[in-house]
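Reminder, nothing fancy here: chain letters follow the sequence lines and each chain counts from 1. Keep in mind that the numbers below use all heavy atoms, side chains included, and drop hydrogens, waters and symmetry copies. From a predicted model like this one, the values you see are computed outputs, not experimental measurements.
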Amino acid sequence: MLNLFHARHLLSRRGLHTLPARSLSTPDVYECNVRISALVRAGKAVAARQLFDEMPERDVVSWNTMIAAYWRASDCVESKRLFGLMPRRNVVSWNSMISGCIENGDIEEAFRYFQEMPERSIASWNAMISGLVKFDRVDEAERLFKVMPRRNVISYTALIDGLARNGDMRRARCLFDSLPMKNAVTWAVMISGYVENEMFDEARSLFSQMPEKNVVAITAIITGYCKEGKIENARKLFEGIKEKDPVSWNAMISGYANNEHGAEALRLYMQMLRSSMQPDHSTLLVVLTACSVLASLQCGKQIHATAVKMGLESDISLCNSFMTMYSKCGSISDSDLMFRNIQNPRLVSWNTIIAAFAQHGLYEKACAMLHDLVANGDRPDGITFLSILSACGHAGMVNESIFWFNVMVLEYQIPPRTEHFSCLVDIVSRAGQLEKACEVISAMPFQADGAVWSALLGACQVYLNVELAELAANKLVELNSQNSGAYVMLSNTYAASGKWRDVTKVRSLMKEQGVRKQPGYSWLEMGDKVHMFLRGDTSHPDIKRIHSQLDTVYLHMKTRHTINF
DNA sequence: CGAGAGCCAT
């Protein structure tokens, strides 16, 4: 059992030989406080409260611990009620009100406590600064930083983080370089700031100078490699981590899932479970991405079951991921069902279900959802309209796509981004209106990107417009000389127009430039088997029946009949 | 008992 002697012993082992006698509890109270604190850390707020209520006398630490328990449980009302009932408060009591409010999304309320408190510690200022940074109010954070009476390494680190989030890496670095007492957290903030701003070389250069590399910094670098598509480098770093934690596992799994390596992502997830690492909320999110990439309904359902077991089935971000997974795995009805079970859909959930209907070509349903979203009092954003546009595309509705584009820009005053333009160009040019597609491109307020030219080039191939195909292919190669799709589509356009000499020219140019085209492949899951199809590959045992079925489908598509299998 | 970092849904 812990008593005062033990407490002193523990503290002295941590190098704190002199104890502030005033803050030390009597042995009984101290012991209860320790037990309450343990219960709170284990998430057992009810048991903690019972112990708290049974205590014959309580000190300020007992109250603070109990209040923290309610903040952890997001029970703002009870936290504030207890705070009001406290007989005495210390600076820690006030500080936990500040961080509690911030944790629960109410920065204004946090600021009220900050202003009201009789005396502030460095931690009070730091809590306020990091809170403002969390809410993207970096300018205000900086103002507080400037007027605070004393600063420590945490204050600096919080502001460096803020500047980095604002994209101001130059000033972040200045502050970092001027700081003599950097610690591992400071280094990690700076490195992940570079990664966040896609300055990967700077991130790695700083990382190489970091004296003691910890798992947080390594994970940031892994994320950087994954964003660049250098998945092998990421894997090497990951394997080298001695003490892998859930976050580093999640980063690596997500790297595979987001680089089209769904199977490897799932393998890694299984390995994580085998090494008895507990998956968390984020693990499930990234594994669901892998299921979507693989279109594996089986795996997706298993993850769904795991989420239910973990008590996370109504977690909003997981629900959104389930919706995407079910939709991408072909089950729009499950996706729809998930959406209906969300009590309070926020914009992301609306956007997700609209995207799902769009993927399935259900234009009317997508629009009905947009209508419901507005009727619900929400405001659509650029992503909502991107999904609506994509619904138009899947349904081949050119005029509607232009209509919705205008609604977005004129009625909702949402500035169109390059994705909106590439979607529009894709729709218009697929319909054969190549000139109109060019008009859209020239009306863009910024440089067209690869997706725009790709869309145009794809249509040129279909509608045999050699001249425009050459233009688009040139633009694509300008943007990325290793773009094999550009060469292939241009070559196909020449071939379809009988310009064989030009075909040969493009092919030899590809060889010269060392551009290679990975063969296309697709697969689908039936029962417990995965059927894979490589381009030009006829090794599937049922290939004859598959081809004849495909011929039927093509015929129906051409005659615009509905298909009944 | 309180303040700073990495992974995370459209």
Side-chain angles (χ1 to χ4, degrees), chain A residues 23 25 33-34 36-37 40-41 59-69 71 90-100 102 120-131 133-134 152-162 164 183-193 195-196 214-224 226 241 245-255 257-258 280-289 292 315-325 327 345-356 358 381-384 386-387 390:
Chain A
S23 72
S25 321
N33 287 347
V34 168
I36 292 177
S37 169
V40 171
R41 272 199 301 273
D59 65 6
V60 64
V61 177
S62 328
W63 285 89
N64 287 347
T65 313
M66 207 51 238
I67 289 172
W71 280 124
N90 62 11
V91 67
V92 177
S93 325
W94 288 90
N95 286 351
S96 46
M97 294 314 281
I98 294 175
S99 55
I102 290 167
R120 303 183 188 105
S121 61
I122 294 193
S124 327
W125 291 88
N126 288 348
M128 220 37 244
I129 289 172
S130 70
V133 165
K134 271 196 194 106
N152 61 13
V153 63
I154 297 180
S155 330
Y156 281 91
T157 305
L159 187 63
I160 290 173
D161 187 31
N183 61 18
V185 181
T186 324
W187 281 87
V189 163
M190 196 64 217
I191 290 169
S192 72
V195 171
E196 182 66 29
N214 61 10
V215 63
V216 177
I218 299 174
T219 305
I221 296 291
I222 288 177
T223 305
C226 292
I241 303 176
D245 65 2
V247 180
S248 49
W249 280 94
N250 296 347
M252 197 62 235
I253 295 172
S254 133
N258 290 316
D280 62 11
H281 153 105
S282 306
T283 314
L284 298 189
L285 285 177
V286 300
V287 176
L288 279 170
T289 308
S292 302
D315 178 280
I316 189 68
S317 52
L318 271 170
C319 283
N320 296 332
S321 266
F322 293 141
M323 284 158 62
T324 303
M325 181 274 293
S327 162
R346 309 287 299 143
L347 185 58
V348 179
S349 308
W350 288 105
N351 286 350
T352 308
I353 192 65
I354 292 173
D381 67 0
I383 297 175
T384 317
L386 196 58
S387 294
S390 135

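Side chain to side chain, A/T186 and A/T157 meet the donor-acceptor criterion of an N or O pair below 3.5 Å. For the residue pair A/N64 / A/N90, a side-chain donor-acceptor distance below 3.5 Å is found, with atom types taken as modelled.
Residue A/R120 has no polar side-chain atom (N or O) positioned under 4.0 Å from OP1 or OP2 of B/dA3. For the OP1/OP2 pair of B/dG2 and a distance below 4.0 Å, the side-chain nitrogens and oxygens of A/S99 include no atom meeting the criterion.
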**Request:** Encode nucleotides 5-10 of chain B as B, S and - characters from 5' to 3', where the letter depends on protein heavy atoms closer than 4.0 Å: B to the base, S only to sugar-phosphate, - to neither.
**Result:** BBBBBB
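Remark: A/S282 pairs with A/N250, A/D280 by the side chain to side chain contact (heavy atoms under 4.5 Å, CB included) rule, at least two apart or across chains. In terms of the side chain to side chain donor-acceptor pair (under 3.5 Å) criterion, residue partners of A/D315 (sequence neighbours excluded) are, by chain and number, A/H281, A/S317.
Between the base of B/dG2 and the side chain of A/S124 there is no donor-acceptor pair shorter than 3.5 Å.
Atom P of nucleotide B/dG2 and atom CH2 of A/W63 are separated by 18 Å, given to the nearest angstrom. Following rounding to the nearest Å, A/N95 (CG) and B/dG2 (P) show an atom-to-atom distance of 10 Å. Rounded to an integer number of Å, the gap from CE of A/M97 to C1' of B/dC1 is 13 Å.
A/V91 comes within 4.0 angstrom of a nucleotide base, judged by non-hydrogen atoms across all strands. Looking at heavy-atom distances under 4.0 Å, A/S121 makes contact with a base. Note on A/R41: only backbone sugar-phosphate atoms sit closer than 4.0 angstrom, heavy atoms only; bases stay farther off.
Nearest approach of A/C226 to A/G255, heavy atoms of both residues: SG-CA, 3.4 Å. Between A/A358 and A/S387 the shortest heavy-atom distance is CB-O, 3.4 Å.
Looking at the side chain of A/T65, the nearest of the listed nucleotides B/dC1, B/dG2, B/dA3 is B/dC1.
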